[in-house]
Amino acid sequence: MKRILLLIVICLLGVLSACVQKQILDDVQLVTAIGYELTNENELKATAVTPIYKPDKTIISDIFTETGPLSKEIRKQLNMQSSRPFVSGKIEIGLYSKDLAQKGMLDLLDTFYRDPAVGSRAYLAIVDGNMQSLLEKQYGQQDNGIYLSHMFEQNIDTGSLPRTNLNQFLSAYYSQGIDPFIPIVKQENGQVKLDGHALFRGDKMVGELSAKNMFIFKVLMDKYTKQDSTAVKLTETNQREGEYVSVLKIRAKRVYKIENTTEVPKITINVKIEGNVEEYSEGQQIDKKIIKTAQKSMQSQVKKQADDMISMFQELRIDPIGIGGQVRSRQRNWDENHWLDVYPNADINVDVQVSLTETGIVE
Amino acid sequence: MKAMQRKVNERYMITASLVFFLIHSMQIGIGILSYQQDIVKSAGNDSWIAVIFAGLIVHIIIWMMYKILKNGKGDLITIHYDLFGKWLGGIFSLIWIIYYWAIGLVVIRSYLEVVQVWMFPDISIWQFSLIFLSLVYYLLIGGFRVVTGICFLGVVIPAYLLLTLIFPIEFTEFRNLLPIWNHSLKDISLATKDMTLSYLGLSTLLMFYPYLKNPERSQKWAHGGNLLTMLLYAGLMILSIAYFGQGYLSRIIWPTLTMWKIVELPFVERFEYVGISSWALIILPNICLSFWAASRGVRQLLRFSQRKALIGMLLMTWIIIYFLQERQQIEMLSSYVSMTGFYLIVIYLPLLFVFSYLRLLRR
């Protein structure tokens, strides 16, 4: 008798405890991208993108906009506009306006990384220009959040975008000897495109890197560059002035050499680049001489751009490529304040070695 | 009234090699989800060294436990009785029994907290704990061999979770670990002290020792179980530091769970849900074994029916769980229990070891 009673109680409990809030995919509004900007009254304006799955199996994005003082408060107000509750589990990208980033991002990111539902793979980006018009337009066959996320992913794998996501940003923000960066996106001729990087000191955006510097930046900072490409202007000999080769499938490696770590450090970054020449502006044969010229031109170009970039970082007192981290890992009694003092005057050199190995399938 | 049992019927005994699973499954529990934070706060990038030191200390403690048990013949309660007499020994035994019971309480409440924060905020605590505790009761009336079986399964089945640690590797920066040993001995020992808390589950060995068929031969398996725990803790610590960077890592409450946010599989967007659900199987041996040890202790000390003691304990647990609502309370309770464990195992046990050795010499 006692056993049967126990059994009934247990069965009943099994049934009863299923009463947690269900979130069925069809009954929630999945936010895939969310953009934040400042209004004139200094309030936050959030634009949420959610996909709408149409009966003919096409997907379009839908936009909701609301203003308020706190981002979770905005979510509540967004819910007032929607037939289904918004959920944050599928957020692929968080977009921020420039003026917001210049005032500091951490308060806004807090709601992102405090929320157990938001993944660490979420991308962050700065929007140059009008947020709403960027998010409103239909770009691909997906909704805009997924579209932007695929665009980022594709550029990380095969383009000039270094590995970046929410976790990388926070890790760089909280680490000593490295500052975070995030890519900038911009709407141009009705398409959305990557347009350089926003550079941060702490959580405030203090500088920008133009799109043409993205290749060098990736070579200097990403863990591995595998599939990048760039155009090289031939400069070594006068007769080839104004000719270009394009270098594809670039693989890059770096080795740091750090001397005199106590006073003003002397840092040499040895960059090794391998790539294939696959296009030549003059069209004809690509012979050894051209390859040699291209190698030398690329070497000097990369070096110059890298040197310029690093002195810009030093002027801004930021360190997005993590030179400080390299010094820290080689120094037993590293002191962040001391490093910040000497960093702007540190002697940082970039040494580039280029080897162009293949020239495609014809001579 | 029953007699104090010094020998167990061979029918209820287990093979020596299963001690490996008993020790290992008891050490890995709710702590591994969150142990990184405290250690990193004091030892930074050298945390993994502290993890290994703590593991070595625990090896020594296991060795001492075996010596005590071999000299004492019987379990902790009979040893206390023999060494300190009925009353003083009884008080010591009672402290240990309360400690065993409190481990079970803390583990189940901490797990429920994780479920609440990460998955179902509105889960009904009393219903869930009632079901869980009924399961524990059901397993425990099966006797110690069933508990051993659960420990075995609790190690083997969730082992697939190790595979998920491949995902974060793409985003790691192992340079975060360098330079090795740039913290003072004081920092490292502080971290080592904190870290020993994560290994402490093994004290149930003092209760189940009479159940081992070849107790002498089981010692190497106990060391093996602890070694595996140590390797797991150290590996996970290295991965966490490389993935988050020590600055960010010291701010995350559940680093192991947060690391799962990077896992992306075609069929599951957020792996935490799978992981946390699987975790129920990892904490089940913890709860079973600690309640078993506590109720067995009551049976030995008060010569009381083990089943009735168990029912009383489970009821008490259930009521207390219901009243523990806030994170602060849970954290306070769990730190009290860990500190008690630390004093009992790292301070009291060596004293007991010396005392039992002196007794042996005098005889």
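Within every chain, numbering begins at 1; the chains are lettered A, B, ... in the order of the sequence lines, protein sequences first and strands thereafter. Everything numeric here is computed off the predicted structure, so don't read it as measured data.
In this structure, A:Arg332 contributes its side chain and B:Pro179 its backbone to no donor-acceptor pair below 3.5 Å.
In this structure, the portion of B:Arg270 lying under 4.5 Å from any heavy atom of chain A is its side chain and not its backbone. For a residue to count as touching a neighbouring chain, one of its non-hydrogen atoms must lie under 4.5 Å from one of that chain's; by this rule B:Trp254 does not touch chain A. Using a 4.5 Å cut-off between heavy atoms, A:Asn165 touches chain B through its side chain atoms alone. Residue contact with chain B, scored on non-hydrogen atoms closer than 4.5 Å, is absent for A:Ala122. The contact between B:Thr172 and chain A is made by backbone and side chain atoms together, counting heavy-atom distances below 4.5 Å. Contact annotation for A:Arg163: only side-chain heavy atoms (C-beta onward) come within less than 4.5 Å of a heavy atom of chain B.
Using a 30° and 60° split on the angle between ring planes, B:Tyr248 and A:Tyr174 fall in the parallel class, below 30°.
Dense packing is recorded around CD of B:Glu170, with more than 12 heavy atoms of other residues, nucleotides or ligands lying under 6.0 Å away. In B:Tyr138, the OH atom is not crowded: 12 or fewer heavy atoms of neighbouring residues, nucleotides or ligands sit closer than 6.0 Å. Other residues, nucleotides and ligands contribute only 12 or fewer heavy atoms inside 6.0 Å of the CZ atom of B:Phe323.
Counting only heavy atoms from C-beta outward, the side chains of A:Ile178 and B:Glu173 never approach each other to under 4.5 Å. For the pair A:Ser120/B:Phe167, no side-chain contact is recorded, criterion being any heavy-atom separation below 4.5 Å from C-beta on.
Closest approach of B:Trp118 to A:Pro116, counting heavy atoms only: CE3-CB, 3.8 Å. When every heavy atom of B:Gln246 is checked against every heavy atom of A:Arg328, the shortest pair comes out as NE2-NH1, 4.1 Å.
For chain B, the option among A:Ser175, A:Gly89, A:Gly322, A:Gly325 with the highest count of heavy-atom pairs below 4.5 Å is A:Gly89. Highest contact tally toward chain A, considering only B:Val263, B:Ile180, B:Ile253, B:Leu135, is held by B:Ile180 [criterion: heavy-atom pairs under 4.5 Å].
To the nearest 0.5 angstrom, A:Tyr113 atom OH is 9.0 Å from B:Ile252 atom CD1. Expressed to the nearest 0.5 Å, how far CZ of B:Arg175 lies from OH of A:Tyr256 amounts to 9.0 Å. Taking CZ of B:Phe171 as the reference point, atom CG of A:Asn167 lies at 8.5 Å (rounded to 0.5 Å). A distance of 7.5 Å separates CD of A:Gln168 from OH of B:Tyr243, quoted to the nearest 0.5 Å. How far CZ of B:Arg251 is from CG of A:Leu170: 10.0 Å, rounded to the nearest 0.5 Å.
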